[in-house]
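Here the structure is a predicted model, which means the values were calculated and not measured. FYI, the numbering just counts along the sequence from 1.
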Amino acid sequence: MAEKFRNFIGGEWVEPTTGEYFENRNPADTDDLIGLFPRSGREDLERAVASAKVGFEKWRSTPAPERGAILRRVGDIMTARKDEIARIATREMGKVLEETRGDVQEGIDTAYYAATEGRRLFGYTVPSELRDKWAMTYRRPIGVCGLITPFNFPMAIPTWKMFPALVCGNAVILKPAEDVPHTATILVEILIEAGLPPEVVQLVHGFGEEVGAALVEHPEVPVISFTGSTETGAKIGEVCGRMHKRLSLEMGGKNAQIVMPDANMDLAIDGVLWGAFGTTGQRCTATSRLLLHDDIHDEFLDRLVERTKALRVGNGLEKGVDVGPLINQAALDKVESYVEIGRQEGGEVVVGGKRATGPGLDRGFFYEPTIIRGVRPGSRLALEEIFGPVLSVIRFSDLDEAFRINNEVKYGLSSALYTSDVRAAFRAMAEL
Ligand code: NAD
């Protein structure tokens with residue numbers, strides 16, 4: 001029998017009122033059932049909001065340095081459990097252990113950062129232009145914050161949202177991505193162990209369109225913080241705008257790495273390999289476009305293809321693996337369809353371009369690291385986020401053209417320029 005996990009609501013681990021559960025399986029081996037997680041509904045959310053309001057009343061009057069001290073203990077516990085948590089995260093998310101260790105480390109760093117902020121929640125005093133008037137600001141918590149997170153950084157992203165909200169005295173409701181519910185469960189266990197008053201945090205598992213949407217629409221949740229796809233963020237933005245909620249959105253990207261002839265080529269090749277194929281390309285800041293100057297285009301690409309062929313695809317829990325699986329079947333189908341689009345648009349697949357097969361790969365969502373050359377600026381492959389191990393190569397002949405190509409996407413997340421010309425680097429800071 002698979003283990004049944006629970007929500008954390010009202011200071012205890014509880015079953016969903018719906019009585020329904022969904023399966024969480026290892027994307028590297030779908031025979032490996034990690035557990036059943038609550039498919040929560042509106043009633044569960046109502047209970048979570050009611051409890052968070054109780055938690056907020058206790059927490060908002062707790063002195064900020066004391067709140068910070070609890071977060072420091074959270075960081076200590078995460079440090080002690082780092083390897084164990086990384087294994088749990090890799091098993092449900094797929095990326096290699098070294099990366100999930102980094103993911104947990106981000107959570108640890110965020111805990112210590114937030115802990116010290118507990119002593120730095122300063123306000124301003126402002127000289128007033130009126131006599132006998134005192135002008136100042138000071139910080140008060142807002143209330144119950146709804147936090148909705150994606151699958152690709154199962155520990156780091158929930159902590160980025162949660163710890164700052166908590167140190168400022170808010171209560172939180174976390175709705176983690178349905179592909180990575182186990183890591184979120186561990187995070188909440190740690191918060192409680194560290195001494196957070198139980199009702200200050202609620203964990204509500206379930207599907208985005210169901211309990212996620214209900215959280216966004218709830219009138220007693222005045223703050224929403226979301227990280228995920230641009231499409232979902234747009235829907236959430238509409239609701240929050242209509243309801244005058246405070247909203248933070250972090251969404252997609254179509255990031256470029258530009259390489260000039262005067263670049264350190266070894267560094268540039270290492271950068272693109274990690275940028276394009278690390279986390280199996282499932283990173284908001286993944287390098288999805290490689291912009292190569294005419295003078296180095298062919299030689300650079302030859303070397304890059306050789307290095308790409310040497311990458312080992314496999315289960316992220318195994319030693320020596322460089323690239324893990326995609327998160328689920330839908331992601332694999334999406335990557336396949338984009339490679340097909342790339343071919344139809346006239347691009348040439350120079351490495352990869354198909355599902356990865358071989359020993360140990362038949363039950364996971366594996367795709368070969370793929371490079372497509374001859375991608376035209378303005379084509380779909382040059383403009384749309386793929387979120388997989390697919391790199392589109394585009395040529396250019398001068399820096400201004402590279403800046404133009406870089407900037408033609410609707411996203412604005414990250415860009416990189418490899419050059420040894422400091423003037424070009426400083427121009428890039430202004431132009432990209
Ligand atoms: P997603 O949008 O499919 O899901 C993100 C979260 O939103 C999940 O918890 C999901 O259940 C929930 N959700 C889905 N529909 C919802 C709805 N209608 N109402 C409320 N919640 C809903 O994204 P994903 O596939 O998990 O993550 C990948 C995306 O996240 C990529 O586009 C990536 O670029 C982006 N991302 C951005 C950053 C950043 O910092 N900018 C960081 C990581 C990931």
Side-chain angles (χ1 to χ4, degrees), residues 2-3 5 22-37 81-107 149-157 176-187 270 273-284 286-287 307-336 339 351-371 386-391:
E3 185 179 353
F5 288 81
F22 62 90
E23 289 182 349
N24 178 20
R25 288 182 183 271
N26 180 341
D29 174 5
T30 51
D31 284 353
D32 177 20
L33 178 60
I34 294 161
L36 299 174
F37 287 81
R81 292 181 64 181
K82 181 170 166 178
D83 285 320
E84 174 213 342
I85 301 169
R87 290 193 156 271
I88 288 170
T90 291
R91 189 177 165 207
E92 67 178 352
M93 190 275 161
K95 64 186 174 186
V96 298
L97 267 179
E98 199 189 326
E99 291 188 40
T100 45
R101 281 173 55 82
D103 197 325
V104 179
Q105 186 60 46
E106 286 194 44
T149 50
F151 73 85
N152 61 342
F153 286 85
M155 180 57 91
I157 295 180
E178 43 271 50
D179 288 303
V180 291
H182 195 188
T183 310
T185 303
I186 304 291
L187 172 59
D270 284 347
L273 277 173
W274 166 244
F277 304 125
T279 326
T280 322
Q282 301 172 109
R283 246 191 266 131
C284 54
T287 301
R307 290 280 304 275
T308 303
K309 282 182 183 157
L311 293 174
R312 218 184 116 204
V313 177
N315 187 327
L317 288 169
E318 282 170 22
K319 266 208 163 64
V321 166
D322 301 298
V323 181
L326 287 152
I327 189 68
N328 54 33
Q329 185 65 47
L332 184 58
D333 294 345
K334 184 176 173 196
V335 165
E336 265 192 332
V339 171
V351 60
K354 56 182 177 11
R355 291 180 190 218
T357 51
L361 300 182
D362 52 327
R363 291 190 308 278
F365 307 114
F366 295 103
Y367 199 88
E368 289 188 359
T370 297
I371 300 178
I386 299 173
F387 225 58
V390 181
L391 179 69

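- Rounding to the nearest 0.5 Å places CG of Asp32 at 9.0 Å from CG of Asn24.
- Partners of Asp29 by salt bridge (Lys or Arg N to Asp or Glu O under 4.0 Å), not counting sequence neighbours, listed by chain and number: Arg363.
- If you take CG on Leu97 and OG1 on Thr90, they are separated by 4.0 Å, rounding to the nearest 0.5 Å.
- Summarising the geometry of Glu99 relative to Trp274, their closest heavy-atom pair is OE2-CZ3, 3.6 Å, with the distance given to 0.1 Å.
- At a threshold of 4.5 Å between non-hydrogen side-chain atoms, the residues Val339 and Tyr367 count as touching.
- Under the salt bridge (Lys or Arg N to Asp or Glu O under 4.0 Å) criterion, Glu98 pairs with no residue at all, not counting sequence neighbours.
- Residues forming a salt bridge (Lys or Arg N to Asp or Glu O under 4.0 Å) with Glu92 (at least two apart in sequence, or on another chain): none.
- Using a 4.5 Å cut-off on side-chain heavy atoms (C-beta onward), Leu391 and Thr287 make contact.
- Every residue two or more places apart in sequence or in another chain that forms a side chain to side chain contact (heavy atoms under 4.5 Å, CB included) with Lys309 is listed here: Val305, Glu306, Val351.
- In terms of heavy atoms, Val96 sits closest to Gly324 at CG1-N, 4.4 Å.
- For Asp270, the side chain to side chain contact (heavy atoms under 4.5 Å, CB included) partners two or more places apart in sequence, or in a different chain, are Arg307.
- For the pair Gly388 and Val335, the tightest heavy-atom approach, listed with the atom from each and the gap, is CA-CG2, 3.8 Å.
- The backbone N or O of Ala86 sits less than 3.5 Å from a side-chain atom of Thr100, completing a donor-acceptor pair.
- Closest approach of Leu361 to Gly314, counting heavy atoms only: CD2-CA, 3.8 Å.
- Proximity of Phe151 to Thr183: side-chain heavy atoms (C-beta onward) are nowhere separated by under 4.5 Å.
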**Report entry** Derivation and outcome, side-chain contact (heavy atoms from CB on, under 4.5 Å), residues Lys95 and Thr280
**Finding:** CA-CA 7 Å; Lys95 64 186 174 186; Thr280 322; 5.5 Å; no
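- Relative ring orientation between Phe37 and Phe5 is described as parallel, the plane-to-plane angle staying below 30° on a 0-90° scale split at 30° and 60°.
- Residues forming a side-chain hydrogen bond (donor to acceptor under 3.5 Å, both in side chains) with Arg101 (at least two apart in sequence, or on another chain): Asp83.
- Taking CG from Asn26 and NE2 from His182, the interatomic distance works out to 12.5 Å, rounded to the nearest 0.5 Å.
- For Thr149, the side chain to side chain contact (heavy atoms under 4.5 Å, CB included) partners are Ile157, Pro158, Lys161, Leu174, Pro176, not counting sequence neighbours.
- Scanning all heavy atoms of the two residues, the minimum distance from Pro369 to Thr308 falls at CB-CG2, 3.7 Å.
- With sequence neighbours excluded, the residues forming a side-chain hydrogen bond (donor to acceptor under 3.5 Å, both in side chains) with Glu23 are Arg25, listed by chain and number.
- With contacts defined as side-chain heavy-atom distances shorter than 4.5 Å, the pair Lys334/Ile386 does not qualify.
- With sequence neighbours excluded, no residue forms a side-chain hydrogen bond (donor to acceptor under 3.5 Å, both in side chains) with Asn315.
- Checked against salt bridge (Lys or Arg N to Asp or Glu O under 4.0 Å), Glu318 has the following partners two or more places apart in sequence or in another chain: Arg312.
- Within the 4.5 Å cutoff, no side-chain heavy atoms of Thr357 are placed close to those of Asp362.
- Smallest separation of non-hydrogen atoms from Pro150 and Val180: O-CG2, 4.1 Å.
- Every residue was checked against the ring pair (Phe, Tyr, Trp, His ring centres under 6.0 Å) condition with Phe366, not counting sequence neighbours, and none meets it.
- A 4.5 Å side-chain heavy-atom check between Glu106 and Met155 finds every atom pair outside the cut-off.
- When the side chain to side chain contact (heavy atoms under 4.5 Å, CB included) test is applied to Pro27, the partners found at least two apart in sequence or on another chain are Pro325, Phe365.
- Atom CD of Glu368 sits about 10.5 Å away from atom CZ of Phe277, to the nearest 0.5 Å.
- Asp179 places none of its side-chain heavy atoms less than 4.5 Å from the side chain of Met93.
- Among the candidates Leu187, Asp103, Ile186, the single residue satisfying the side-chain contact (heavy atoms from CB on, under 4.5 Å) test with Ile85 is Ile186.
- The pair Asp333-Arg355 meets the salt-bridge criterion, with a side-chain N (NZ, NE, NH1 or NH2) lying under 4.0 Å from an Asp/Glu carboxylate O.
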